[in-house]
Amino acid sequence: MAQRYVRVQSQSGQLHYGLLQPDRSIHVLDAPPWMQGQAIDLELPPDSYKLLAPCAPSKIIAVGKNYAKHAAEMGGDVPQEPLLFMKPSTAVTATEEPIFYPPQSNRVDYEGELAIVIGDRCVDCTEEEARDKIWGYTIANDVTARDLQARDRQWLRAKGFDSFCPLGPWIVREISPEAKIQTFLNDKPEPVQSAHISDMVFKPEMLVSYISQVMTLLPGDVLLTGTPEGVGPLQMGDRIRVEIEGIGSLENEVQVRVLPNAALITES
Ligand code: MG
């Protein structure tokens, strides 16, 4: 089994990076693994921690229409060069945490995607250099308010709600180009999305190089590489699970957001 790199919260509330062991215990690292984190003499037993998103990116850069069949289902072709947009870091959430359905939208879609985690500062890299800047891979769901995406034309609101970027459950260093990516809705045995990573038009190294010519990528930053065909709507109470061969599965339930009590905010 490939090594699984996690970020967790212990029962005392401390955040740790670590290595997930086959018995579900965690060997704690003293820093993020891409910052040369070393194992320390601390082990968290199974069921004594909560899995967080496996990194805390300064930004999430995403790519639109990077699978030809998805571009077609959205009524277009794959763009001539990568189509970039951003999701705020506050959209990130962990596996098993809720996706909150925003009251501003009547159409919220899932988009299962391969996520790239950057391991090193990356400015104006060639594709060759970009290969060494990719630290690992995880799973993402690029949740999208489709109606707001069409209405705004700019995608920031549609893509940017809190909880609209489930990420995890952990990072692996390598992935087979032939790995299958599939998305499952509730208890349906048939996937609603099914493709191979190799169906991607602009490949990870190309994307990292391309983005690095626009903005500096920092260690822990995340790139979402686009979704295959089969996107569709989520309803309140739905469970959505994205699986990538060689990584694992990322599962979240759609819920109503209970906003914090305004009186409590005033008091604090
Ligand atoms: Mg997407």
Side-chain angles (χ1 to χ4, degrees), residues 53 57 59-79 82-115 139-168 181-195 199-201 222-244 249-260:
K59 56 185 171 297
I60 301 130
I61 311 299
V63 182
K65 301 180 181 174
N66 198 24
Y67 287 77
K69 288 179 184 170
H70 170 63
E73 78 179 345
M74 298 303 287
D77 297 324
V78 171
L83 172 62
L84 303 183
F85 61 94
M86 270 179 104
K87 291 172 87 82
S89 58
T90 42
V92 172
T93 195
T95 192
E96 296 298 339
E97 288 294 311
I99 294 166
F100 294 116
Y101 203 115
Q104 297 95 324
S105 175
N106 292 308
R107 168 79 192 234
V108 172
D109 282 9
Y110 55 81
E111 293 190 1
E113 307 199 6
L114 174 70
I139 308 170
N141 190 339
D142 175 21
V143 181
T144 304
R146 199 66 74 198
D147 49 354
L148 303 184
Q149 185 182 29
R151 198 190 307 166
D152 292 356
R153 307 235 203 128
Q154 300 283 337
W155 295 4
L156 184 59
R157 182 166 66 141
K159 301 276 193 180
F161 286 96
D162 288 2
S163 80
F164 269 29
C165 190
L167 198 64
I181 175 167
Q182 294 190 307
T183 306
F184 295 87
L185 184 59
N186 298 321
D187 298 325
K188 287 183 198 159
E190 290 302 312
V192 287
Q193 295 188 284
S194 184
D199 297 338
M200 196 181 289
V201 178
V222 167
L223 270 52
L224 306 189
T225 56
T227 198
E229 71 171 325
V231 298
L234 292 165
Q235 311 299 336
M236 214 69 83
D238 279 350
R239 288 189 70 80
I240 188 77
R241 187 174 83 251
V242 186
E243 294 186 359
I244 298 181
S249 70
L250 171 74
E251 182 161 344
N252 302 86
E253 185 178 301
V254 182
Q255 294 181 11
V256 183
R257 183 171 200 176
V258 181
L259 286 168

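Positions are given from 1, in the same order as the sequence printed here.
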Has [X] got a side-chain atom pairing as donor or acceptor with [Y]'s backbone, closer than 3.5 angstrom?
X	Y	value
T95	G168	no
E113	G226	yes
K87	F164	yes
Q193	E111	no
N252	E97	yes

Problem set entry | Worked verdict on M200 versus L114 for side-chain contact (heavy atoms from CB on, under 4.5 Å) | CA-CA 10 Å; M200 196 181 289; L114 174 70; 4.1 Å; yes
Would you compute the distance between atom [atom1] of [X] and atom [atom2] of [Y] and round it to the nearest 0.5 angstrom?
X	Y	atom1	atom2	answer
T90	F161	OG1	CZ	11.5 Å
M86	K59	CE	NZ	6.5 Å
L224	N66	CG	CG	11.0 Å
L234	L185	CG	CG	6.5 Å

Heavy-atom side-chain proximity of [X] to [Y] below 4.5 angstrom:
X	Y	answer
I181	T227	no
T183	V242	yes
D199	K69	no
P166	I240	no
V254	V108	no

Just jot down the side-chain hydrogen bond (donor to acceptor under 3.5 Å, both in side chains) partners of [X], sequence neighbours excluded, or say none.
X	value
K65	none
N106	none
E243	R241
Q154	none

I'd like to check the ring pair (Phe, Tyr, Trp, His ring centres under 6.0 Å) partners of [X]; sequence neighbours left out, ordered by chain and number.
X	result
F85	W155
Y67	none
Y110	none

For a quick test of reading the model, state the closest non-hydrogen atom pair linking [X] to [Y] and the distance between them.
X	Y	result
S89	P57	CB-O, 3.3 Å
P88	I60	O-CD1, 3.3 Å
S163	P98	CB-O, 3.6 Å
N141	G112	OD1-N, 4.3 Å
D238	P233	OD2-O, 4.3 Å
G237	N186	O-OD1, 4.4 Å

State which residues pass side-chain contact (heavy atoms from CB on, under 4.5 Å) with [X]; sequence neighbours excluded, sorted by chain then number.
X	result
V78	A68, A71, V201, F202
R257	F100, D162, L259
P191	Q182, F184, S194

Exercise. Side chains of T144 and D109: do they bring a donor and an acceptor to under 3.5 Å?
Worked result: no
For this session: Determine, step by step, whether R107 and Q149 satisfy the side-chain contact (heavy atoms from CB on, under 4.5 Å) criterion, reporting the C-alpha distance in whole Å, the side-chain angles of both residues, the deciding distance to 0.1 Å, and the verdict.
Result: CA-CA 10 Å; R107 168 79 192 234; Q149 185 182 29; over 6 Å; no
For this session: With sequence neighbours excluded, tell me which residues meet salt bridge (charged side-chain N to carboxylate O under 4.0 Å, His left out) with D152.
Result: R157
Exercise. Which pairs count as salt bridge (charged side-chain N to carboxylate O under 4.0 Å, His left out) when at least one residue sits in residues 182-195, sequence neighbours excluded?
Worked result: none
